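My questions will all concern the structure given below.
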Amino acid sequence: MNPAFQSAEQIQLPSDQNISGRTLGTEEIEMVTQALQSGTLTSTRGTFVKQFEQRFAEMMGVDHCWCASSGTAALHTAYAALDPEPGDEFVTTSITDMGALTPILYQTAVPVFADVDSDTCNVTAETIERVLSPRTKAIIVTHLFGNPCDMGPIMELARSREIPVIEDCAQAFLATQNGRLIGTFGDIGCFSLQQGKHITTGEGGMVVTNDADLSRRMFLFINKAWGYGDEKPDHYFIAPNYRMNDITGAVALAQLNKLETSVNHRVQMADLLTEKLQGIDGLKTPKISDGSVHTYWKYCLNVDGDKVPGGAVGLAKVLREDYGIFSAPRYIQKPAFQCQIFRDKVTFGKSQFPFTEARPEAVDYSPENFPGSFAGLEGILVMPWNEAYTEEHVNYIAHAIRNSLQQPGEYN
Ligand SMILES: *Cc1c(COP(=O)(O)O)cnc(C)c1O
């Protein structure tokens, strides 16, 4: 590489995979100690998960919150609350975490993929409307990277067809649109506390809702459908044990106190990076709709392969090799429907159930149906991001990106 652009020394960025990029500290240790000393580690008897559920509901301004053992479990709980018939359709996005998809199949429903806006990789009212059918049981809206989907038109569409909306907010803690918290637009909001999310307990998740019936069904689903507190309790329907334990609840409670500060800092540093990356030919900073607050689970760039040699993959290679910055071109690499589970319909034994119940159009994964998804993944470069980033880190990233792009050919 051209020595004129050599950085004096590489800076190691904080990582959300260890303590360098996480806010875990004495508060969590104190809470966990209390939980252990109480000797009650199940949330059915303990106090920590219960306190956390109450506090998170208050923070979200909703009536009900239940914890689950993961974000995947939380999403499964939300899907199960709608009690789909085999072959019912859940409209979802082609660009998401697999944990948002497999529970649809476990619940015997069929995921129907909506295309996305290639700039944000988010679904829109238009892409959703194209795949609605009389069998649509629910619409799942994923606020990718913390950038809110345009909820006005989506909710208008859903309400006009009387289809419930589940918001996947695993990447979008405290994001807002027109002053309203993401996760409170739809019927159910789902969150994750996995290692790499805004706050973490290693694994964990939550569902929130204002609907008392859905809340009741979700509580039961998490608890083997055992009617705790009922006069004549029974196991009412098929359901797993998805409970969070009280040690995890203790960590969650301590983490919750840090959420707002972490989110604000992530946003502040992201805004700074956006400022520093203005005016670079071939590079787009995050597109945020009017009235939205993006809370930056990750900071994503959009790289124009016609202007940047090697496109997102090429830029990522220089950032890694010359600057030690590990970004992720193509995010999940391919749209979800190209993963083996969907390609070969690998579900229960050799049955291919519940795909066997699906309308052929619902499982038509022809690439021409998904131009936004392919274009979006082609251009996307996901920068690592967390609440420990300082101005120095942001300067370093901006410097690395600018220098990399001033040397076309070097990384062709
Ligand atoms: C992380 C994530 C999930 C799954 O959460 P886990 O806690 O890892 O099970 C689901 N959806 C999205 C969008 C995610 O980012």
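What you see is a predicted model; the values in this text were computed from it and never measured. Numbering of residues begins at 1 and proceeds along the displayed sequence.
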Quiz prompt | Shortest non-hydrogen separation from V308 to G282 and the atoms involved | solution = CG2-O, 3.8 Å
Quiz item: What's the spacing between L405 CG and L319 CG if we round to 0.5 Å?
Solution: 8.0 Å
Quiz prompt | Any donor-acceptor pair under 3.5 Å from T209 side chain to D187 backbone | solution = yes
Exercise. Fit a plane to each ring of W297 and Y331, take the angle between them on a 0 to 90° scale, and name the class: parallel (under 30°), tilted (30 to 60°) or perpendicular (over 60°).
Key: perpendicular
Exercise. Given side chain to side chain donor-acceptor pair (under 3.5 Å), test S292 with S289 step by step and report yes or no.
Key: CA-CA 6 Å; S292 284; S289 65; 2.9 Å; yes
Practice problem: To the nearest 0.5 Å, tell me how far F173 CZ sits from L256 CG. | Solution: 8.5 Å
Quiz prompt | Charged N-O contact under 4.0 Å between D16 and K298 | solution = yes
Quiz item: Can you tell me if S366 uses its side chain to pair, donor with acceptor, with the backbone of N369 under 3.5 Å?
Solution: no
Exercise. Run the numbers on R55 and N257 for side chain to side chain donor-acceptor pair (under 3.5 Å), then give the verdict.
Key: CA-CA 10 Å; R55 295 236 353 252; N257 287 329; 2.9 Å; yes
Self-check item: Trace of the side chain to side chain donor-acceptor pair (under 3.5 Å) decision for H76 with Y106
Solution: CA-CA 8 Å; H76 190 177; Y106 276 113; over 6 Å; no
Quiz item: Would E89 and K137 pass as an ion pair if we require N to O under 4.0 Å?
Solution: no
Self-check item: Steps toward side chain to side chain contact (heavy atoms under 4.5 Å, CB included) verdict (Q333, R330)
Solution: CA-CA 5 Å; Q333 304 310 310; R330 302 191 64 82; 3.8 Å; yes
Quiz item: Just wondering, more than 12 heavy atoms not from E260 lying within 6.0 Å of its CD?
Solution: no
Quiz item: Hey, are T23 and Q255 close enough side-chain-wise for a donor-acceptor pair under 3.5 Å?
Solution: yes
Quiz item: Does atom CG of D230 have more than 12 heavy-atom neighbours, drawn from other residues, nucleotides or ligands, at distances under 6.0 Å?
Solution: yes
Self-check item: Donor-acceptor pair between T285 and Y299 side chains, under 3.5 angstrom
Solution: no
Quiz prompt | Centroid-centroid distance, F191 to H198, less than 6.0 Å | solution = no
Quiz item: Out of curiosity, D97 CG to L75 CG, how far, rounded to the nearest 0.5 Å?
Solution: 8.5 Å
Quiz item: When rounded to the nearest 0.5 angstrom, what distance separates OG in S43 from CD1 in I222?
Solution: 9.0 Å
Practice problem: Applying ring pair (Phe, Tyr, Trp, His ring centres under 6.0 Å), name anything that partners H393, two or more places apart in sequence or on another chain. | Solution: Y389
Quiz item: Would I140 and I104 count as a side chain to side chain contact (heavy atoms under 4.5 Å, CB included) if you check the C-alpha gap in whole Å, the side-chain angles of each, and the deciding distance to 0.1 Å?
Solution: CA-CA 10 Å; I140 303 162; I104 301 173; 3.7 Å; yes
Quiz item: Where is the tightest heavy-atom contact between Y365 and P111, given as atom of each residue plus distance?
Solution: OH-O, 4.4 Å
Quiz item: Quick one: do the R243 and N223 side chains pair a donor with an acceptor below 3.5 Å?
Solution: yes
Practice problem: Compute both the distance and the angle, then confirm whether R180 meets the cation-pi test with F185: under 6.0 Å from the six-membered ring centre, within 45 degrees of the axis. | Solution: yes
Exercise. To the nearest 0.5 angstrom, please state how far the CD1 atom of I280 sits from the CG atom of L301.
Key: 8.5 Å
Quiz item: Looking at F353 and P86, what are the two nearest heavy atoms and their distance?
Solution: CZ-CB, 3.9 Å
Quiz item: Minimum heavy-atom separation for F52 to C67, with atom names?
Solution: CD2-SG, 3.3 Å
Self-check item: Result of checking Q338, K334, E368 against F374 for side-chain contact (heavy atoms from CB on, under 4.5 Å)
Solution: Q338
Self-check item: Cationic N near anionic O, under 4.0 Å, D364 to R359
Solution: no
Quiz item: How far apart are the C-alpha atoms of M269 and W385, what are their side-chain angles, what is the distance that settles it, and do they pass the side chain to side chain contact (heavy atoms under 4.5 Å, CB included) test?
Solution: CA-CA 9 Å; M269 290 299 110; W385 206 251; 3.8 Å; yes
Quiz item: Is K258 salt-bridged to E387, cutoff N-O under 4.0 Å?
Solution: no
Quiz item: Between V303 and L315, what is the shortest heavy-atom contact and its length?
Solution: CG2-CD2, 4.1 Å
Practice problem: Please name the pair of heavy atoms, one in E167 and one in G183, separated by the smallest distance, quoted to 0.1 Å. | Solution: OE1-N, 3.0 Å
